There are 2 protein chains.
Amino acid sequence: MNSESPVAISTQALQRMPYYLQYLKQLQGDGVKLIAAPAIAEALGLNEIQVRKDFAAVSTAKGKPKTGFIVQNLIDNMEEFLGYHNVDDAVLVGVGSLGRALLSYQGFDQCGMHIVAAFDSNGSLIGGEVNRKKILPVTKLSEMCRRMNIHIGIIAVPENQAQMVCDQLVAGGVLAIWNFAPTHLFAPKNILVKNENMAASLALLSKHLKERIESE
Amino acid sequence: MNSESPVAISTQALQRMPYYLQYLKQLQGDGVKLIAAPAIAEALGLNEIQVRKDFAAVSTAKGKPKTGFIVQNLIDNMEEFLGYHNVDDAVLVGVGSLGRALLSYQGFDQCGMHIVAAFDSNGSLIGGEVNRKKILPVTKLSEMCRRMNIHIGIIAVPENQAQMVCDQLVAGGVLAIWNFAPTHLFAPKNILVKNENMAASLALLSKHLKERIESE
DNA sequence: TAGATTGTTAATCGATTAACAATC
DNA sequence: TAGATTGTTAATCGATTAACAATC
């Protein structure tokens with residue numbers, strides 16, 4: 001494994017990349033051409049050695065002592081590394097309030113994902129559209145995934161329907177699932193399931209506040 | 001630190017709690033009274049030793065060999081541990097499509113957070129409401145936070161406004177910030193900032209797909 | 001009793017941070 | 001040159017998993 005990447009990269013490092021990209025693009029917008037690792041570390045609240053390692057894992061060009069890295073190069077290398085250049089088609093299942101928000105979000109295309117259609121089981125929604133994406137009946141889900149060669153399935157349905165939707169996405173041949181339902185999903189090992197569980201984040205906030213307030 | 005909890009708990013363990021809770025409540029709904037760690041591990045795709053350790057960290061009652069744990073006890077212990085019983089008031093800033101979705105979500109109250117109001121800078125939104133939450137001018141943000149004793153600030157504004165909003169929330173005395181803007185925020189060390197960066201999750205998906213597709 | 005499950009101590013694994021020589 | 005910054009190897013830290021005795 002990792003045949004194409006000379007240096008292995010951790011999951012954590014991977015998820016720092018979008019923060020680097022956001023800041024690097026901001027610098028670029030301000031006309032900055034060069035940037036050093038310590039400056040980025042400072043701006044993003046990270047350790048500078050960590051930044052250097054992360055850059056080493058994705059950068060084709062080496063940094064120059066006393067100078068740093070070429071902003072444009074880093075942006076290109078990161079986007080290439082993350083696969084933002086070859087956009088994957090996605091479908092979204094569950095057109096509730098969260099589903100609508102995701103369908104309306106403009107930034108996914110720049111991150112290598114394009115939502116082509118939405119699915120729902122509610123007959124009154126079917127045939128409508130949100131942000132120019134048609135809402136189709138969920139009964140057609142796996143067939144459409146296969147026909148359109150969809151790679152990503154986004155699950156935004158209630159938790160009791162999530163596993164069923166997951167199964168159909170897998171049957172439709174998707175390779176990755178982005179799960180917004182607050183439940184564990186079973187999927188074949190070669191399918192990546194990324195959970196986005198608000199309750200898990202809230203647990204962190206709630207516990208922090210409980211401790212702060214109790215310690216008074 | 002950790003004076004009230006006999007066993008220290010990791011951030012990771014904390015974020016697993018909502019998954020346990022979800023499953024335990026499902027069991028309870030099915031009339032199941034007792035559950036063993038290996039069964040839960042199986043259902044949630046976790047290691048059974050990890051489950052036992054997580055339970056040991058929050059449970060007041062010990063598990064019984066050959067029997068397991070009392071479902072009701074675990075639910076109570078976890079909710080108490082996470083602070084779901086004492087609900088914290090929150091405000092949301094930025095009534096775009098994501099902000100609306102968050103305002104409409106019904107599950108936060110059960111997780112110890114209650115959104116009392118929303119703020120926006122767009123005059124045409126002010127005075128309106130979403131899911132019975134009034135939309136107020138962002139100019140009143142810190143004053144209102146202080147007056148209403150708000151503990152949590154939710155940031156759902158564009159990235160270029162996020163730091164300014166963060167500063168005002170801090171000025172208003174909030175203790176924790178839930179940041180949906182894809183940018184790093186600077187805040188005092190005693191304020192918890194939890195980032196919810198969709199781009200970071202997408203990076204994981206995009207990279208996985210790039211590798212899968214390249215390896216064909 | 002026998003066997004499944006518990007709780008805890010030790011070992012492993014992965015990620016971060018420190019130390020330091022190389023270089024512009 | 002001197003000093004800042006780079007890249008890499010070693011040390012530390014945190015979390016997970018393994019090993020195992022205790023117990024119902």
Side-chain angles (χ1 to χ4, degrees), chain A residues 1-2 5-17 19-20 24 27 32-71 73-74 77-78 81 184 195 200 203-204 207, chain B residues 1-2 5-17 19-20 24 27 32-71 73-74 77-78 81 184 195 200 203-204 207:
Chain A
M1 52 179 79
N2 264 316
S5 54
V7 185
I9 191 166
S10 71
T11 307
Q12 304 298 313
L14 201 47
Q15 297 195 86
R16 282 191 292 272
M17 295 298 160
Y19 287 93
Y20 293 133
L24 288 167
L27 288 174
V32 177
K33 304 288 183 201
L34 295 164
I35 188 74
I40 292 195
E42 168 77 19
L44 299 182
L46 301 170
N47 179 293
E48 67 174 76
I49 299 152
Q50 189 170 56
V51 174
R52 282 208 289 279
K53 280 210 169 170
D54 289 349
F55 285 7
V58 300
S59 181
T60 49
K62 288 205 160 192
K64 232 185 189 174
K66 268 208 99 172
T67 309
F69 297 79
I70 298 165
V71 172
N73 282 359
L74 285 174
N77 290 161
M78 281 183 190
F81 179 82
H184 173 73
N195 293 303
L204 223 57
K207 179 65 161 45
Chain B
M1 46 181 80
N2 264 317
S5 55
V7 185
I9 190 168
S10 70
T11 307
Q12 304 299 313
L14 201 48
Q15 297 194 85
R16 280 191 291 272
M17 295 298 160
Y19 287 93
Y20 293 132
L24 289 166
L27 288 174
V32 177
K33 303 287 184 204
L34 295 164
I35 186 76
I40 291 196
E42 169 76 17
L44 299 182
L46 301 171
N47 179 293
E48 68 174 75
I49 300 153
Q50 189 171 56
V51 173
R52 280 208 292 277
K53 278 209 170 170
D54 289 349
F55 285 8
V58 301
S59 181
T60 49
K62 288 206 162 193
K64 233 185 189 173
K66 268 206 100 173
T67 312
F69 297 80
I70 298 164
V71 172
N73 281 359
L74 285 175
N77 289 162
M78 282 186 192
F81 179 81
H184 173 74
N195 293 301
L204 224 56
K207 180 65 161 44

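First the proteins, then the strands, lettered A, B, ... as listed; each starts at 1. Everything quoted here is computed from the prediction, not taken from an experiment.
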In whole angstrom, what separates [X]'s [atom1] from [N]'s [atom2]?
X: Asn47(A); N: dA15(C); atom1: CG; atom2: C1'; value: 12 Å
X: Leu46(B); N: dA15(D); atom1: CG; atom2: P; value: 16 Å
X: Leu14(A); N: dA15(C); atom1: CG; atom2: P; value: 11 Å
X: Glu48(B); N: dA19(D); atom1: CD; atom2: P; value: 13 Å
X: Ile70(A); N: dT5(D); atom1: CD1; atom2: C1'; value: 15 Å
X: Lys62(A); N: dA22(C); atom1: NZ; atom2: P; value: 13 Å
X: Leu74(A); N: dT6(D); atom1: CG; atom2: P; value: 10 Å
X: Ile35(A); N: dA4(D); atom1: CD1; atom2: C1'; value: 14 Å

Pairwise distance [atom1]([X]) to [atom2]([Y]) - rounded to 0.5 angstrom:
X: Asp54(B); Y: Leu44(B); atom1: CG; atom2: CG; answer: 10.5 Å
X: Asn73(B); Y: Lys62(B); atom1: CG; atom2: NZ; answer: 15.0 Å
X: Leu27(A); Y: Ile35(A); atom1: CG; atom2: CD1; answer: 5.0 Å

Closer than 4.0 Å, any side-chain N/O of [X] to the OP1 or OP2 of [N]?
X: Gln50(B); N: dT16(D); value: yes
X: Arg16(B); N: dT16(D); value: yes
X: Arg52(B); N: dT16(D); value: no

Worksheet item: dT5(C), dT6(D), dA15(C): which one has an atom nearest the side-chain heavy atoms of Ala36(B)?
Response: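 Among dT5(C), dT6(D), dA15(C), the one nearest the side chain of Ala36(B) is dT5(C).
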Worksheet item: Taking the six-membered ring of Phe81(B) as reference, does the NZ or CZ atom of Lys207(A) fall below 6.0 Å from its centre and within a 45° cone about the axis?
Response: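 Judged by the rule (NZ or CZ under 6.0 Å from the ring centre, within 45° of its axis), Lys207(A) counts as positioned above Phe81(B).
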Discussion item. Judged by each residue's nearest nucleotide on DNA chain D, which is more toward the 5′ side, Lys66(A) or Phe55(A)?
Written reply: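 It is Lys66(A), whose closest nucleotide lies nearer the 5' terminus.
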Worksheet item: What residue among Asn77(B), Leu74(B), Leu34(B), Leu24(B) forms side-chain contact (heavy atoms from CB on, under 4.5 Å) with Phe69(B)?
Response: Leu74(B)
Worksheet item: Less than 4.5 Å apart, any side-chain heavy atom of Ile40(B) and any of Tyr19(B)?
Response: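 Sidechains of Tyr19(B) and Ile40(B): no contact.
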Discussion item. Could you check whether any side-chain heavy atom of Met17(A) comes within less than 4.5 Å of a side-chain heavy atom of Val58(A), counting everything from C-beta outward?
Written reply: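 Heavy-atom side-chain distance check passes, below 4.5 Å.
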Item to complete: With heavy atoms under 4.0 Å as the rule, sort Ala13(B) into base, sugar-phosphate or nothing.
Response: nothing
Item to complete: Classify the nucleic acid contact of Phe69(B) as base, sugar-phosphate or nothing, counting any heavy atom under 4.0 Å across all strands shown.
Response: sugar-phosphate
Discussion item. Quick check: any donor-acceptor pair below 3.5 Å linking the side-chain of Lys53(A) to the base of dT6(D)?
Written reply: no
Worksheet item: Can you give the dot-bracket line for DNA chain D, where a pair is Watson-Crick or G-U wobble with both atom distances under 3.5 Å, crossing pairs use [ ], and | marks a partner on another strand?
Response: ..||||||||||||||||||||||
